[in-house]
Amino acid sequence: QIITFILGMGAIWALYLTAHALRAQRFRILLPTQLDYRASFSALSIGYLALHVFPFRLGELVRPYLVREQRQVPFGDSLAVVVIERILDVLMLLCMILATSWFVELPLKVEVWGRDVLGLAQHGAGAVGVAGIVGVAVIVALGPGALTWTDRLPGGSIFRRFREALVALAKRPAVAAQALGLSVVIWLLTLFAVQLQLRASAGVPSGFLDALATWSVTLSGMTVLPTPGFFGGFEAACSAALQLLGALPSAAAPFAIVLHLTQFVFTVALGGVFLAIEGLSLREVVARSREPDA
């Protein structure tokens, strides 16, 4: 049983590692400036660790800070790419929620702590997706001259950098298509990892559509209930999804805890390895990434 457990966890973490590697490649190709893959992977690992440890998504600034310090990539360029990545991820979440509503029989409301997490996430993701697309169109259409007033705002140069990154991406349609394709594969790999863990657990449904519904509701809960480290909201949403799919609370709750710990340990371990390799302190990196000069 121990060997089976080790092999199972190895397969699950291998899927997470592959998805992580593809995220590093997506970040790298979206940048208008060149960045070697090793630096992209290292910054992503440390940045995701910060996201899971510090509240209010402070870790989003860590990756741009690190690639600026280590590879002289302009902070605004990489931060603009992080925004583009988030738009892609939100669109992927919206697609998963829509697929769940089409192919999986769930109640119209999936309530966690009194909130309809699936409905709120669907509306929120749709609004962010539409706002992102409209915002992109407006920023590109305004032209660099029209953004002069934003330069006077604190951190206002990010709008200019964001526009420059979008214009550069528009001139590389093959790269844009590759980034979209990578996003699809990243989320599919994550779904396969969740399904593999479902299959390794007793008393929970383990089909691909079950994994789709479970992960969609879990992500919705993490979005609507953004607790520090995602603890609490993750488990509540995941357990609720499994119970709606027919699992007993005695099986759903432990699975939700194990699933979260599996992902959390992977993120912390990988980020910790690269913190040690780079000789950095996570608290210091997060603090410096928030300084005005960044």
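Sequence positions, counted from 1, serve as the residue numbers for this chain.
- For the pair Glu278/Val285, no side-chain contact is recorded, criterion being any heavy-atom separation below 4.5 Å from C-beta on.
- Here the side chains of Leu219 and Met222 are in contact, with some heavy-atom distance below 4.5 Å.
- Distance check, rounded to the nearest 0.5 Å: CG of Leu188 to CD of Gln195 gives 11.5 Å.
- Annotation for Ala241 and Thr214: closest pair CB-CA, 3.9 Å, computed over non-hydrogen atoms.
- One distance of note links SG of Cys95 with CG of Leu212; it measures 11.0 Å at 0.5 Å rounding.
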Inset, instruction - Apply side chain to side chain contact (heavy atoms under 4.5 Å, CB included) to Leu261 and Phe234, showing your working. - result: CA-CA 10 Å; Leu261 286 177; Phe234 184 111; over 6 Å; no

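- The cluster map of Ile, Leu, Val, Met, Phe, Trp and Tyr, joined by side-chain heavy atoms under 4.5 Å apart, puts Leu196 and Met9 in the same cluster.
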Inset, instruction - Carefully, step by step, assess Ser201 and Val258 under the rule side chain to side chain contact (heavy atoms under 4.5 Å, CB included). - result: CA-CA 10 Å; Ser201 305; Val258 172; over 6 Å; no

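- No donor-acceptor distance shorter than 3.5 angstrom exists from the side chain of Ser42 to the backbone of Arg38, with no hydrogens or angles considered.
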Inset, instruction - Could you give me the CA-CA distance, side-chain angles and deciding distance for Leu180 and Met92, then say whether side chain to side chain contact (heavy atoms under 4.5 Å, CB included) is met? - result: CA-CA 9 Å; Leu180 181 60; Met92 292 298 105; 4.0 Å; yes

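- Side-chain heavy atoms closer than 4.5 Å link hydrophobic residues (I, L, V, M, F, W, Y) into clusters, and following such links, possibly through other members, connects Leu61 to Val73.
- Rounded to the nearest 0.5 angstrom, Leu198 CG and Leu242 CG are separated by 6.0 Å.
- The two atoms that bring Val62 and Ala50 nearest to each other are CG2-CB, 3.9 Å, heavy atoms only.
- Follow the hydrophobic side-chain contacts under 4.5 Å out from Val82 and you never reach Leu44; the two are in separate clusters.
- Linking Ile, Leu, Val, Met, Phe, Trp and Tyr residues whenever their side-chain heavy atoms come within less than 4.5 Å places Leu270 and Val268 in a single cluster.
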Legend entry - side chain to side chain contact (heavy atoms under 4.5 Å, CB included) assessment of Asp77 paired with Val81: CA-CA 6 Å; Asp77 286 357; Val81 170; 5.9 Å; no

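- When side chains are defined from C-beta on, Ser40 does not count as touching Val67, because their heavy atoms never get closer than 4.5 Å.
- Here CE of Met96 is found 5.5 Å from CG of Leu191. Values are rounded to the nearest 0.5 Å.
- Separation of atoms CZ (Phe75) and OG (Ser289) is listed at 6.5 Å; rounding is to 0.5 Å.
- Side-chain N or O atoms of Trp13 include one that pairs as donor or acceptor with a backbone N or O of Thr262 at under 3.5 Å.
- At least one donor-acceptor pair closer than 3.5 Å links the side chain of Ser101 to the backbone N or O of Leu98.
- Residues Val104 and Phe255 fall within the same hydrophobic cluster, defined by Ile, Leu, Val, Met, Phe, Trp and Tyr side chains chained together at heavy-atom separations under 4.5 Å.
- The existence of a salt bridge linking Arg86 and Glu60 is confirmed by a sub-4.0 Å separation between a basic side-chain nitrogen and an acidic carboxylate oxygen.
- No side-chain heavy atom of Leu93 sits less than 4.5 Å from a side-chain heavy atom of Trp187.
- Put simply, the side chain of Gln263 does not reach to within 4.5 Å of the side chain of Gln197, judged on heavy atoms.
- With contacts defined as side-chain heavy-atom distances shorter than 4.5 Å, the pair Val185/Arg26 does not qualify.
- A pairwise comparison of heavy atoms in Leu280 and Ile46 identifies CD1-CD1, 4.2 Å as the closest pair.
- If you take CZ on Arg63 and OH on Tyr48, they are separated by 5.5 Å, rounding to the nearest 0.5 Å.
- The shortest heavy-atom contact between Arg28 and Leu35 is NE-O, 2.6 Å.
- Ring geometry for Phe264 against Phe231 counts as perpendicular: the plane angle is over 60°, on a 0 to 90° scale with 30° as the lower cut.
- Nearest approach of Leu275 to Ser281, heavy atoms of both residues: CD2-C, 4.4 Å.
- Contact of the Thr190 side chain with the Leu15 side chain is not registered, since no non-hydrogen atoms from C-beta on lie closer than 4.5 Å.
- Judged by distance alone, with hydrogens and angles left aside, the side-chain atoms of Arg172 form a donor-acceptor pair with the main-chain N or O of Ile29 at under 3.5 Å.
- When every heavy atom of Leu30 is checked against every heavy atom of Ile84, the shortest pair comes out as CD1-CG2, 4.3 Å.
- Considering only heavy atoms from C-beta on, Ser45 comes within 4.5 Å of His20 through its side chain.
- A donor-acceptor pair is defined here as one N or O able to donate and one able to accept, closer than 3.5 Å; no such pair exists between the side chain of Tyr65 and the backbone of Ala287.
- Taking the six-membered ring for Trp and thresholds of 30 and 60 degrees, Phe266 and Tyr16 have ring planes inclined between 30 and 60 degrees apart.
- In summary, the side chains of Gln243 and Ser239 do present a donor paired with an acceptor at a separation below 3.5 Å, with no hydrogens or angles considered.
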